[in-house]
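Fair warning: this is a prediction, and the values are worked out from it, not measured in the lab. As a basis for the values below, the full set of heavy atoms in this structure was taken, side chains included, without hydrogen atoms, waters or symmetry mates.
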Amino acid sequence: MQNISQYLPITDPTWIFFIVLCIILFAPILMGKLRIPHLIGMILAGVIVGPHGFNILSHDSSFELFGKVGLYYIMFLAGLEMNMADFKKNRIKTSTHGILAFAIPMIIGFALNTSLLKYGVLTSILLASMYASHTLIAYPIVLRYGLSQQRSVTIAAGATAITDTLTLLVLAIVGGMFKGEVNGFFWFMLAIKLFIVFFIIIYFFPRMARYFFQRYEENVTQFIFVLAMTFLGAGMMAFIGMEGLLGAFLTGLVLNRYVPNISPLMTHLEFVGNALFIPYFLIGVGMLINVNIIFAGFGTIKVAGVMIAVALSSKWIASLATQKLFNMKSIERELIYGLSNAQAGATLAAVLVGYNIILPNGQRLLNDDVLNGTIILILVTCIFSSFTTERAARKIALTNKNKINEDKTADDEKVLIPVEQKETANELVKIGIMMRNTKLNRGIIGLNVVLDDLNLAYNQEKGRNTLEYMEMTANAANVRMIVQSRIATNISNGISHAFKEYAASEIIMGMHECHGNYKSFWGTITQNLFNDISRQLMIVRCLQPINTFRRIQVAVPKKAEFEPGFYRWLERLARLAGNLNCRIQFHGNRGTLSLINEYIQNRHTDVRAEYVAFEDWDELPKLAINVNDDHLFVVITARKGTISYIPSFDSLPEQLTRFFNSNSLMIIFPDQYGDSSGMTFTKLQLSEEHSPYQFFRQWMIKNKNKN
């Protein structure tokens, strides 16, 4: 034993990193078998290998560095994954819970600190602020269950920023009092510095992100850029005397719309955080915990007992009050409570600052009992938070799973993306990913058709490279892609045959390059396809990355609601707007807009939709004034002979070429007969998204064709 102890703690970086990786690998496996939340395994492993356990590893600079990175990463992901539409809609609930989660622990804590623990006023205030703060240490559990978009998660995450900001403000005031700084000038300078940092992050960061993403699409480059912005925001906040985690959270909020939740970049950010940075932080927290202090004396036990009781009970009261005030479900209260009762980041910052403040009588503002009690508080609340969040998240996930199973038969979605040029493949795949129904969890079909001519071998190799590129883009977003390369004597026939073989529901394809000549706008391939295939056809031209679009403008013709594919394209555009977190503006007939509004309100409450009356399709060029470079202009058109077809569609190529040539475009030919083989109306009624309007439209179309 003596021989082993002389090699401990391990100082070689290679072995330190190996041991940490082993903990990250095996702790979740072991905890899973014991039905214990994975996060607890990381913290307990830190206790075991740390200086207060078997002293295998010391809490060196690497744990301080990665621990800080992990804490910032948790807050950054919380801001990045927050549903901003839901956040704005629930801002009153979020603010209310944030204030309650701060005020209630402060009031109860101050009363007990002064009466039961007999501490002075300043000590009691600072100690009570530690109860008020909380860290989203259980947030990875929410991510694992795919619940980051839940209303309760949004409320808890937003409230975290409020409580930690107020806690750090109390810390700054108390610390400033012992430096003789709290006066009118102190408040003025603190307000000025906060305003400057907030202004830089809120105003400049989104513009920098849009500029960068428009010019650099490589995933690694984008990942490094986002990470750099996170730590720039955190660093600026720390520079003015506030905690950096507030800057990280704010950076996540402002970059939210540029990193869609189902994009490859988001997948990479979550992967690196959950695989390395966040576990490193949790292990580091465990290494600070000294189990021996439980037996250090009655003073530590008494202080720790009061701290734990106040922290857990006050957060429960705040969560209960929020639930009752806003008539929320009990399971939502449980999830909010689970997320908001873990103490770590701001609590550690406060106790260390208070511990290092020496009073005039030579005593510390926060003594050894408080320091040791804080460590026990962190251990207990982290474990309690993990168990509570795990239980609530599992219940919600099971409820959502039942809903998903009910919805699986409601959509025949199967997307085909034929691509010739590698340059357009990336954006087409991303659009397909953002329009897909995640509940169905179906793959996307990537197709490359080459002509059987003298350049066959070269074109096949080029096509294989393009398909591999498409597959990589889809895999990066955790979406399965089925790829096929086929030889044909006619490109449009090859696409049409593949469409029928895969029983696809729609096609997303790039726009033909007409080079300003509107007479060749559609191109032979496109024209053949919308004549041959009666299912939905989406033709796309993206002049910039789709995650940089600020608005989707949709021109809808009269009687579009009478087409069989009305709700299909509406559903796809609503999903796209929701995933891009951008506004969508519909221009059309008032009756049509009323149906669109009803659908959005019932199915996509998080989508920010606007409606503008647009009666005369001949005035389509007037919309060009409102369509900016960072907008996606969508035109809903129709095939000849259908109910919503109007003669003005004949001049559509000329109008788009003359007035929208510098804009990103999407042209949609909706479903007409249900499938490419001429499905009957009776069959269509059984296969489409059902609604009263659907049967009425089918009756109208059927009688119109008879006439």
J.: Are Glu427 and Val540 side-chain neighbours, meaning at least one heavy-atom pair lies under 4.5 Å?
T.: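 Of all side-chain heavy-atom pairs linking Val540 with Glu427, none is under 4.5 Å.
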J.: Side-chain contact test, heavy atoms from C-beta onward, threshold under 4.5 Å: evaluate it for Ile600 versus Tyr611 and give yes or no.
T.: yes
J.: Are the side chain of Thr230 and the backbone N or O of Val226 linked by a donor-acceptor pair below 3.5 Å?
T.: yes
J.: Between Asn579 and Met434, is there a donor-acceptor pair closer than 3.5 Å when you use the side chain of the first and the backbone of the second?
T.: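 It does hold such a pair.
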J.: Go through the steps for Arg151 and Glu332 under the test salt bridge (Lys or Arg N to Asp or Glu O under 4.0 Å), then give the verdict.
T.: CA-CA 8 Å; Arg151 176 176 64 172; Glu332 291 182 294; 2.7 Å; yes
J.: Looking at residues at least two apart in the chain, or sitting in another chain, which of them share a side chain to side chain donor-acceptor pair (under 3.5 Å) with Gln553?
T.: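 Here the qualifying residues are His587, His631.
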J.: When you check the side-chain N and O atoms of Ser496 and Asp532, is any donor under 3.5 Å from an acceptor?
T.: yes
J.: Between Tyr567 and Asp671, do the side chains contain an N or O donor and an N or O acceptor separated by less than 3.5 Å?
T.: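 Looking only at side-chain atoms, Asp671 and Tyr567 do not form any donor-acceptor pair under 3.5 Å.
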J.: Surrounding CE of Met328 (heavy atoms of other residues, nucleotides or ligands, distance under 6.0 Å), is the total greater than 12?
T.: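 More than 12 within 6.0 Å, yes.
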J.: Look at the rings of Phe195 and Phe199 and say which category their plane angle falls in: under 30° parallel, 30 to 60° tilted, over 60° perpendicular.
T.: parallel
J.: With distance as the sole test, does Asn219 use its side chain to make a donor-acceptor pair with the main-chain N or O of Leu265 at under 3.5 Å?
T.: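 Absent.
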J.: The test is side-chain contact (heavy atoms from CB on, under 4.5 Å); show your working for Phe566 and Ile636 and say whether it passes.
T.: CA-CA 10 Å; Phe566 176 67; Ile636 310 300; over 6 Å; no
J.: Would a line drawn from the ring center of Tyr216 to the ring center of Phe212 be shorter than 6.0 Å?
T.: yes
J.: What pairs with His604 under side chain to side chain donor-acceptor pair (under 3.5 Å), at least two apart in sequence or on another chain?
T.: Glu571
J.: Output yes when a side-chain donor or acceptor of Ser664 lies under 3.5 Å from a complementary backbone atom of Leu632, and no otherwise.
T.: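 No.
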J.: May I ask you to test the Cys582-Arg257 pair for a side-chain heavy-atom distance under 4.5 Å?
T.: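 The answer is yes; the side chains approach within 4.5 Å.
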J.: Quick check on Arg590: does its CZ atom have over 12 non-hydrogen neighbours (other residues, nucleotides or ligands) under 6.0 Å away?
T.: no
J.: Backbone N or O of Tyr645 within a donor-acceptor pair of the Arg639 side chain at under 3.5 Å?
T.: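 No, Arg639 side chain to Tyr645 backbone: no donor-acceptor pair under 3.5 Å.
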J.: A cation-pi test, strictly: NZ or CZ of Arg207 under 6.0 Å from the centre of the six-membered ring of Tyr211 and no more than 45 degrees from its axis. Yes or no?
T.: no
J.: For Phe499 and Arg535, run side-chain contact (heavy atoms from CB on, under 4.5 Å): C-alpha distance rounded to whole Å, both residues' side-chain angles, the deciding distance at 0.1 Å, then the answer.
T.: CA-CA 10 Å; Phe499 184 89; Arg535 300 303 299 270; 3.6 Å; yes
J.: Say whether, by atom type as modelled, one donor and one acceptor occur between the side chain of Gln421 and the main chain of Thr424 under 3.5 angstrom.
T.: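 Looks like no, no N/O pair under 3.5 Å.
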J.: Evaluate the side-chain contact (heavy atoms from CB on, under 4.5 Å) criterion for residues Met509 and Leu537: first the C-alpha distance (whole Å), next the side-chain angles of each, then the deciding distance (0.1 Å), finally the verdict.
T.: CA-CA 8 Å; Met509 62 185 297; Leu537 178 62; 3.7 Å; yes
